[in-house]
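Not measured: the values here are computed from a predicted model. In what follows, chains carry the letters A, B, and so on, assigned in the order in which the sequence lines appear, proteins first and then strands, with residues in each chain numbered from 1.
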There are 2 protein chains.
Amino acid sequence: MIENAIFKALADPTRCAIFEKLATGSMNASALREGMTISQPAMSQHLSVLKSAKLVREERQGRFVNYEVDPEGLALIAGWLAKYRAYWPARIDALKALLKEMDQ
Amino acid sequence: MIENAIFKALADPTRCAIFEKLATGSMNASALREGMTISQPAMSQHLSVLKSAKLVREERQGRFVNYEVDPEGLALIAGWLAKYRAYWPARIDALKALLKEMDQ
DNA sequence: ACGACACATAAGCATACACTTATCTGATTC
DNA sequence: GAATCAGATAAGTGTATGCTTATGTGTCGT
């Protein structure tokens, strides 16, 4: 049940915000911390959780560690969602937007 | 941040299992409880959480309450996912499966 | 080799959460 | 209208989780 770890990781609003920030471009932990009132260890712990949920992956660059979105986690969510396609109504806006995005 | 409530709701494995069982067909709380070792109040509480996350909706039927999957929650997840389309690689299997499903 | 820096880990603490038992509400049946 | 049944709510409890401060690890520049 890896999806469970993913949902657990995204359940925390701080972690969700970190992920969204990372989605605007990969960066290191210190850069991520800028603009957020969060201690260095807290950031490290959050990144660790996101990493083991496959939502984020790291790449050592000398003294820095560059973090980036890991597509695997997103794909796992997409896979989970696909199981319930039978319940998607034809005209929910968000879904329509998704379909349009994917169509191109 | 309604998505946050959704992720929080799905973060619990018991709740996840309830949702999956409900996805096989709508039923009342007692029927849901069959086969699961879970107390009646626990089930009621879990359903309440799923309901406020828009993953499940209820329909009173006399003395019973019929629960069913609420497509709105699924659509919200789909909407959240769509924001990160840029990160989806072309060849992740789960994504391919999803696309194929949606294509038809 | 030493100091500085980026980040990870350890340990402790306060709150959140999932569970329990007990009780309440509301609808059906006799 | 009393008993019964489906389900909700209340109150209490143990554990998980997110935070903190303190310290450890590894890399760079001098």
Side-chain angles (χ1 to χ4, degrees), chain A residues 1-22 24-70 73, chain B residues 1-22 24-70 73:
Chain A
M1 273 261 178
I2 178 68
E3 288 115 356
N4 202 266
I6 296 182
F7 292 137
K8 206 174 261 185
L10 291 170
D12 182 68
T14 304
R15 222 139 49 207
C16 219
I18 291 170
F19 179 82
E20 300 209 6
K21 188 164 185 178
L22 212 48
T24 68
S26 54
M27 61 187 95
N28 59 50
S30 302
L32 270 170
R33 221 147 71 77
E34 278 166 28
M36 309 185 69
T37 39
I38 184 176
S39 71
Q40 179 268 316
M43 175 59 77
S44 182
Q45 287 157 15
H46 280 310
L47 285 169
S48 173
V49 172
L50 288 168
K51 202 174 61 175
S52 48
K54 298 197 186 293
L55 282 163
V56 150
R57 62 187 175 196
E58 70 179 32
E59 188 185 350
R60 263 250 161 219
Q61 276 178 354
R63 178 157 55 155
F64 295 79
V65 178
N66 210 281
Y67 284 94
E68 61 183 355
V69 168
D70 186 347
Chain B
M1 272 261 179
I2 178 69
E3 288 115 357
N4 203 267
I6 297 181
F7 291 137
K8 205 174 261 185
L10 291 171
D12 182 68
T14 304
R15 222 139 47 208
C16 221
I18 292 170
F19 180 82
E20 301 208 7
K21 188 163 186 179
L22 212 48
T24 68
S26 53
M27 62 188 95
N28 59 49
S30 302
L32 270 170
R33 221 146 72 75
E34 278 166 27
M36 309 186 68
T37 38
I38 184 174
S39 70
Q40 179 268 317
M43 175 59 79
S44 182
Q45 285 157 17
H46 280 310
L47 286 169
S48 173
V49 172
L50 287 168
K51 202 174 60 174
S52 48
K54 296 195 188 295
L55 281 163
V56 149
R57 63 188 174 196
E58 68 179 34
E59 189 184 349
R60 262 251 162 218
Q61 277 179 354
R63 177 157 56 155
F64 296 80
V65 178
N66 210 281
Y67 285 94
E68 62 184 353
V69 167
D70 186 347

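Applying the side chain to side chain contact (heavy atoms under 4.5 Å, CB included) criterion to S26(A), with sequence neighbours excluded, gives N66(A), E68(A). The side-chain hydrogen bond (donor to acceptor under 3.5 Å, both in side chains) search around E59(A) returns none, not counting sequence neighbours. Residues passing the side-chain hydrogen bond (donor to acceptor under 3.5 Å, both in side chains) test with R63(B): none are found, sequence neighbours excluded. Residues satisfying the ring-ring contact (aromatic ring centres under 6.0 Å, His included) criterion with Y67(A), sequence neighbours excluded, are absent altogether. Under the rule for a side chain to side chain contact (heavy atoms under 4.5 Å, CB included), the partners of N28(A) that lie at least two apart in sequence or sit in another chain are S30(A), A31(A), F64(A).
The residue S44(A) sits close to a base: some heavy atom pair falls under 4.0 Å.
Taking side-chain N and O atoms only, Y67(A) has no distance below 4.0 Å to OP1 or OP2 of dA6(C).
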Whether each nucleotide of nucleotides 23-30 of chain C has a protein heavy atom under 4.0 Å at its base (B), only at its sugar-phosphate (S) or at neither (-) is summarised, 5' to 3', as ---BBS--

Whether each nucleotide of nucleotides 15-20 of chain C has a protein heavy atom under 4.0 Å at its base (B), only at its sugar-phosphate (S) or at neither (-) is summarised, 5' to 3', as --SSBB

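Note on residues 30-44 of chain B: no pairs pass salt bridge (charged side-chain N to carboxylate O under 4.0 Å, His left out), not counting sequence neighbours. Here salt bridge (charged side-chain N to carboxylate O under 4.0 Å, His left out) pairs that include residues 47-56 of chain A, with residues two or more places apart or in two chains, are K51(A)-E58(A).
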Using atom types as modelled, flag every donor-acceptor pair under 3.5 Å from a side chain in residues 36-49 of chain B to any protein atom, sequence neighbours excluded.
{"unit_1": "S39(B)", "atom_1": "OG", "unit_2": "A42(B)", "atom_2": "N", "d": "3.3"}
{"unit_1": "H46(B)", "atom_1": "ND1", "unit_2": "R15(B)", "atom_2": "NH1", "d": "3.4"}

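Protein chain A touches strand DNA chain D; the 5'-most and 3'-most nucleotides with an atom under 4.0 angstrom of its non-hydrogen atoms are dT17(D) to dC28(D).
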